[in-house]
Amino acid sequence: MLIKVCGMKYAANIALLSPLKPDFMGFIFYKKSPRYVHGLLPPAVVSDIPKPIKKTGVFVNATQEEILAMADLYQLDAIQLHGQESPTLCQDLKDLGYIVLKAFHLKNENDMAATSPYEGACDFFLFDTPSSAHGGTGQKFSWQLLEAYQGTCPYFLSGGIGPDDAKTLKNLSTIQPMGIDINSRFEREPGLKNIGAIQTFIEQLELPK
Ligand SMILES: O=C(O)c1ccccc1N[C@@H]1O[C@H](COP(=O)(O)O)[C@@H](O)[C@H]1O
């Protein structure tokens, strides 16, 4: 199972997280988020993050030009789209060599139909809780909804995953996420992660080395 830690904001905190080698590390480029990084986090702090950690920019309804400007500045490997971005934008970013994650906010099983036009245009889907903030609320949705997922695109489970969820995630049998995305439930304040809690959580998942 892939691990993505999202909403990193501080250089010292990033330096402590990197040795845990999450598969993806996320940075928020949505101005209304308390985790917004541009102007606060020097681009070199992100571009210097060691491989193979995938540096991921999270955007909400940004234009392709805005996304590419940030991707270039911060040397991003992956782009996560949390708004109403089109399949064409996803495909264009994928064609440019970025790993593309498209978020869908699930209220009920019917919301799953929205994924169909994005099949093939994304590397991963990411299923999250609906909210006017577009993400980062710490609220869970009903993971059982994903039992109805019939797509072929691998997906990340997201939305309010917390330290107490390791056992449940380890024993999932009816849904098969390719990865999980953790964020606000591992924070001391927005953007500042509790590294000890993340380390314990990863250990409890007992992932193959
Ligand atoms: O974290 C944010 O502030 C944020 C803002 C706007 C869009 C997405 C955001 N984060 C993403 O939200 C999900 C769920 O986070 P949480 O666990 O519920 O806090 C996660 O994918 C983050 O990447």
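As the structure lists them, so they are numbered: ligands from 1, and atoms in each ligand from 1.
Annotation: ligand 1 has protein neighbours K4, C6, I28, Y30, S33, R35, V58, V60, Q80, H82, L126, D128, A133, H134, G135, G136, T137, G138, S158, G159, G160, D181, N183, S184, each with a heavy atom less than 4.0 angstrom from the ligand.
A salt bridge is absent between D77 and K54; no separation between the charged side-chain nitrogens and carboxylate oxygens falls under 4.0 Å.
Interatomic distance, NE2 of H82 versus NE2 of H105, reported as 5.0 Å (0.5 Å rounding). From I180, atom CD1 reaches atom CD1 of I3 across 4.0 Å, with rounding to the nearest 0.5 Å.
In this pair, F59 and F29 present their aromatic rings parallel. The plane angle is below 30°, not in the 30 to 60° band.
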What verdict does the side chain to side chain donor-acceptor pair (under 3.5 Å) test give for T152 and E119, after you've listed the backbone C-alpha separation in whole Å, the side-chain angles of each residue and the deciding distance to 0.1 Å?
CA-CA 7 Å; T152 59; E119 283 278 353; 2.6 Å; yes

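In this structure, the salt bridge (Lys or Arg N to Asp or Glu O under 4.0 Å) partners of D165, at least two apart in sequence or on a different chain, are K140.
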